[in-house]
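Written below as structure tokens is the structure these notes are about.
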Amino acid sequence: MKKTDSDDAPRPDAAAADGRIAAPAAGERSAPLGVAVVGAGYWGPNLVRNFQSSPSFRLRWLCDVDIARARKVLGGYSTVAATADYAEVLADDEVAAVAIATPAATHRDLALAALEAGKHVLVEKPLAATYADGQLLVEAAERRGLTLMCDHTYCYTPAVSKIRELIRDGVLGDLHFIDSVRINLGLVQRDIDVLWDLAPHDLSILDSILPEGMEPVAVAAHGADPIGAGRACVAYLTLRLANGAIAHIHVNWLSPTKVRTTMVGGSKRTVVWDDLNPAQRVAVFDRGVDMSAPEELGAQARQQMLVSYRSGDMTAPALTEREALGAMVEEYAAAIRDRRPALTDGRAGLRVLDILEAASRSLDFQGAVVGLRGAR
Ligand SMILES: NC(=O)c1ccc[n+]([C@@H]2O[C@H](COP(=O)([O-])OP(=O)(O)OC[C@H]3O[C@@H](n4cnc5c(N)ncnc54)[C@H](O)[C@@H]3O)[C@@H](O)[C@H]2O)c1
């Protein structure tokens, strides 16, 4: 089962700080933004619940081609309107923003129509079904000065915020490796492989924690379909980062046990995030390996010298408990109001698509290393 977690405040963005984006008009801050959710399937109701409990938004519509599903989600007493007609939503001047929680193949057309109608757009992950479609959306939003945001939910968890902070503050030192495992008995999807289903989570987390100069530059992917599903059900991605460090992601629909662990290893400390351990989700280890040989020595001379093992303390930082989707929804409102890119803006969605497409190409060529476009 897919799950979400809780979160604290996301980071402010440089684009707002450097004044490239205009300040909001007076009075614009206080009025709740009219919003419509499109898609009332598995994930849409979570958006509905969070928009309804947000003081920044007023939910006006829930739209689904299956109107009975939309009505069921809203219940009998809701003042929110249900519709199967998307045009009706877009024609509503009170709707300033839409949130799209429909299958990825529909994201491009639904998001583009909303942007053309002058609405801000939040799209569920992945941003679109292809990089080209994602690029179309990013350009359309930028041309119109509208917010385009991708719901990379995990980026809003307290754990990811803490890891981002530990990296930014230099607590981990230089980053050496990242290892992420997301495996369980998962729903075998009909339209996408395990890579496109689960890896967007790990890739978006990487995108939100890695500092500049450490962007992924190439990917190699291996996958297998041992049950004959017609698509990879198990996949391993190896990413080469700009500073020479390595990141590895393991996603699997066939694992009898559930594992959600991300490890970020640095020259000073290593952080381990176990999302299934609420008592100690994040642990920071002052343990590692130091080379006692001086850097100036050649590789052979260094190898002959002893490595030393650090075995210091483990600390478990306290994390706030807050639903990640709630923080994501508030970030959407803040990005619209402050006219700044969101923490997980359209370009972040595009960078994830870049890696997913390259990884799919690599899968087709038995793990060949594929370079990335590196969209920033
Ligand atoms: N952020 C997360 O952690 C997370 C978790 C699960 C799913 N998702 C994403 O949410 C999206 C939806 O996934 P889901 O599992 O809810 O799918 P789903 O199939 O359960 O629901 C999709 C709904 O969209 C409706 N729909 C389809 N086309 C439509 C259209 N053109 N107009 C209006 N309604 C339409 C369907 O009738 C259905 O009710 C996907 O992009 C998925 O990747 C994100």
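Everything numeric in this text was worked out from a predicted model, so none of it was measured. For ligands, and for the atoms within them, numbers begin at 1 and follow the listed sequence.
- Taking every non-hydrogen atom of Thr153 and a distance limit under 4.0 Å, the qualifying atoms of ligand 1 come out as 1 (N), 2 (C), 3 (O).
- Listed by atom number, the atoms of ligand 1 under 4.0 Å from Pro103 heavy atoms are 22 (C), 24 (O), 27 (C).
- For ligand 1 and Gly39, the ligand atoms under 4.0 Å from any heavy atom of the residue are 24 (O).
- Arg310 contributes a side-chain N or O that, together with a main-chain N or O of Lys268, makes up a donor-acceptor pair within less than 3.5 Å.
- The existence of a salt bridge linking Arg281 and Asp275 is confirmed by a sub-4.0 Å separation between a basic side-chain nitrogen and an acidic carboxylate oxygen.
- Electrostatic pairing of Glu357 and Arg373 counts as a salt bridge here, judged by a charged N lying under 4.0 Å from a carboxylate O.
- Of the listed options Met328, His201, Glu124, Glu124 places a heavy atom closest to atom 8 (N) of ligand 1.
- In the candidate list His152, Arg190, Arg69, Arg69 is nearest to atom 39 (O) of ligand 1, counting heavy atoms.
- One N or O on the side chain of Asn50 and one on the backbone of Gly326 form a donor-acceptor pair closer than 3.5 Å.
- Within the cation-pi definition used here (under 6.0 Å to the ring centroid, within 45° of the axis), Arg260 does not qualify as a partner of Tyr154.
- Here Val38 has side-chain heavy atoms under 4.0 Å from ligand 1, and that is the only part of it that gets that close.
- Residue contacts with ligand 1 for Lys125 involve both N, CA, C or O and side-chain atoms from C-beta outward (heavy atoms, distance under 4.0 Å).
- Polar contact check, Asp66 against ligand 1: no nitrogen or oxygen pair lies under 3.5 Å apart.
- Comparing Val73, Leu62, Val65, Ile192 against atom 34 (N) of ligand 1, the shortest heavy-atom distance belongs to Val65.
- Residues Ile227 and Trp253 have side chains not in contact (no heavy-atom distance under 4.5 Å, counting atoms from C-beta outward).
- For His107, the closest heavy-atom approach to ligand 1 falls below 4.0 Å.
- Judged by distance alone, the side chain of Asp174 and the main-chain N or O of Ser267 form no donor-acceptor pair under 3.5 Å.
- Looking at Tyr86, Tyr154, Tyr42 and measuring to atom 20 (O) of ligand 1, the nearest heavy atom belongs to Tyr42.
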